[in-house]
Amino acid sequence: MDRGRQEARVTETTDTEHDAIIIGAGFGGLYALHHLRDEMGLRVRAFEGAGGVGGTWWTNRYPGPRVDAPSSPFYAYTFSKELVDEWTWKETQTAQGDVLAYLEHVADRFDLRKDIEFDTWIVDARYDEATQRWTIETDAGQTATAQFLVCAVGALFVANMPDYPGIPDFAGECYHTGRWPHEKVSFAGKRVGVIGTGSSGIQSIPEIAREADHVTVFQRTPQYALPARNRPLTPEEIARYRHDWADLRTSMRKRGGWPFATNRRRASDYSKEERHAVYEELWEKGGIHLSIDSFVGVLVDEALNEEVSEFVRGKIRDIVRDPETARKLMPDYHFGTKRLILEGGYFETYNRENVSLVDLREDPIEAFTPEAVRTKQGEHPIDVLVLATGFDAVSGSMRKLDPKGRGGVSLAEKWRDRFDTYLGTTIAGFPNLFMIHGPGSPGVFFTMPLGGELTTAWIADCIRHLREQGLGAVEATEDAEAAWDREISAIADRTLYPRTNSWYMGANIPGKPRQFLGHLRGSQYFDRLTEVAEQGWEGFVFEPARDHPS
Ligand code: NA7
């Protein structure tokens with residue numbers, strides 16, 4: 001059906017009846033709103049708990065947050081050439097404030113704000129089998145209904161709060177990096193304790209150390225972190241990006257999210273010294289190049305992985321002057337199997353007089369007092385506690401939303417033992433519900449803005465199919481979910497990822513089911529989405545429209 005006819009079929013709605021409800025106004029939700037409303041002509045309403053757009057870029061305001069993947073100009077929307085031409089990124093690793101400013105610009109440019117309800121949390125979402133519609137309820141007691149529920153609720157949103165004994169009694173200031181206040185937090189003259197050394201800890205610790213009287217880092221797992229080598233983008237780079245935008249966009253889609261041709265060289269064709277020279281070159285180049293561009297199979301071949309791991313350990317030993325501190329900082333898991341961290345002066349920070357490191361593996365936290373952290377070996381008085389302890393990643397925000405599907409079954413119940421989805425976008429028992437960056441999708445393993453665009457386009461195709469065929473509901477089958485689980489697990493099992501306790505595996509949250517939460521081959525994944533659609537929406541069942549006006 002052509003778009004004109006499509007638009008003619010738009011449901012006549014009241015203020016609380018929509019074709020689609022979107023939850024979340026981060027990268028994924030904003031694009032979904034634009035696409036479903038402006039490209040498809042649907043009546044759409046978005047709901048966002050925060051006071052503005054941005055999602056993760058709204059909440060993560062700790063000192064020093066930056067994009068920690070290959071960043072500008074690639075960590076951005078690709079759908080609009082005009083947008084590409086009018087927005088000028090400043091640095092290679094974009095700072096949080098600049099990403100947020102970009103998303104605010106996008107919201108204004110595409111006139112999105114008028115259809116977003118800010119400061120509004122969804123407290124209930126229920127599917128009604130009779131009307132084939134979802135009803136949501138907000139924390140203000142409002143209700144709204146829509147045929148489709150699009151959950152763009154964020155892969156890294158639900159804060160992981162440690163439950164050490166006495167922590168609620170700590171009397172000083174306490175901040176989680178993912179829930180940082182909007183006002184500036186002053187560390188001047190204060191003793192700061194930081195728990196956690198993931199991206200958020202590693203980005204914020206050098207910044208805090210520059211200002212605080214003393215910083216004590218409480219480290220559970222030492223990390224491989226590669227130099228980000230952030231620098232200003234040159235006018236020539238920006239011009240080239242704009243000129244080559246169409247090709248780069250295609251290249252990103254085909255090469256796992258980034259337009260870099262990765263090296264196909266085989267480690268066995270090189271001597272140990274030659275390989276070392278390659279690692280040195282890529283270390284100097286910075287960013288994730290050491291991981292993706294050295295030799296084929298770094299994340300698959302244990303011996304090769306160990307060689308790269310040892311190379312990075314050597315760098316840490318070279319940088320950190322105190323051998324005892326350097327020893328505590330030695331990572332021992334397989335390089336790259338936890339989220340790779342890009343840093344700017346993290347290891348050097350341990351050469352400062354005002355920074356000390358507690359290795360929780362040998363000196364665990366026993367309890368908090370109102371003024372201090374008490375570990376097995378001593379007491380560490382602090383004024384400020386920074387929890388850089390991450391998130392109940394990927395599945396956490398959907399579980400928190402806890403929609404109720406067919407027969408009133410809650411998602412929390414369905415996902416008690418395993419996060420079953422079909423294609424990472426749909427869930428059996430939850431008709432007409434779509435996820436962006438859900439468990440089983442490439443999510444953080446692909447450029448998230450582009451991943452969101454491609455996923456939304458597929459969701460839109462599915463909705464178009466329903467409308468064209470006069471259908472009322474689409475639902476994944478349990479068989480399709482089981483097959484999808486096998487498919488994505490098989491991809492992960494061929495790598496070293498599942499051997500490491502990481503948030504990719506759900507291992508950072510006590511009691512969380514252990515399961516690899518992503519699809520590691522983003523380009524292949526988007527091919528699969530297309531294939532499913534082309535093969536008559538394989539793995540889905542459709543119901544004729546019952547209560548649908550079209
Ligand atoms: P991460 O990457 O999950 O890091 C959290 C850190 O906090 C990590 O070092 C954890 O150790 C540590 N942690 C978590 N719980 C505890 C407790 N209870 N005690 C001590 N240490 C703990 O979150 P980030 O916010 O840094 O980064 C998340 C993503 O956001 C990142 O990939 C970027 O894309 C942006 P562990 O390693 O689990 O042993």
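None of these values were measured; they are calculated from a predicted model. Atoms within a ligand are numbered from 1 in the order they appear, just like the ligands themselves.
Every side-chain hydrogen bond (donor to acceptor under 3.5 Å, both in side chains) that Trp258 has, sequence neighbours left out, goes to Thr447.
Partner of Ser397 under the side chain to side chain contact (heavy atoms under 4.5 Å, CB included) criterion, chosen from Ile23, Val153, Asp392: Val153.
The backbone N or O of Leu423 sits less than 3.5 Å from a side-chain atom of Tyr525, completing a donor-acceptor pair.
Environment of NZ in Lys190: crowded, with over 12 heavy atoms of neighbouring residues, nucleotides or ligands closer than 6.0 Å.
When only modelled atom types and interatomic distance are considered, Thr78 and Glu453 share a side-chain donor-acceptor pair under 3.5 Å.
Sorted by chain and number, the residues within 4.0 Å of ligand 1 by heavy atom are Asp68, Leu156, Asn160, Pro162, Tyr164, Ile195, Gly196, Thr197, Gly198, Ser199, Ser200, Arg220, Thr221, Lys338, Arg339, Leu360, Ala388, Thr389, Gly390, Phe391, Trp503.
Aromatic ring pairs are classed by plane angle as parallel below 30°, tilted from 30° to 60° and perpendicular above 60°; the pair Phe74 and Tyr241 is perpendicular.
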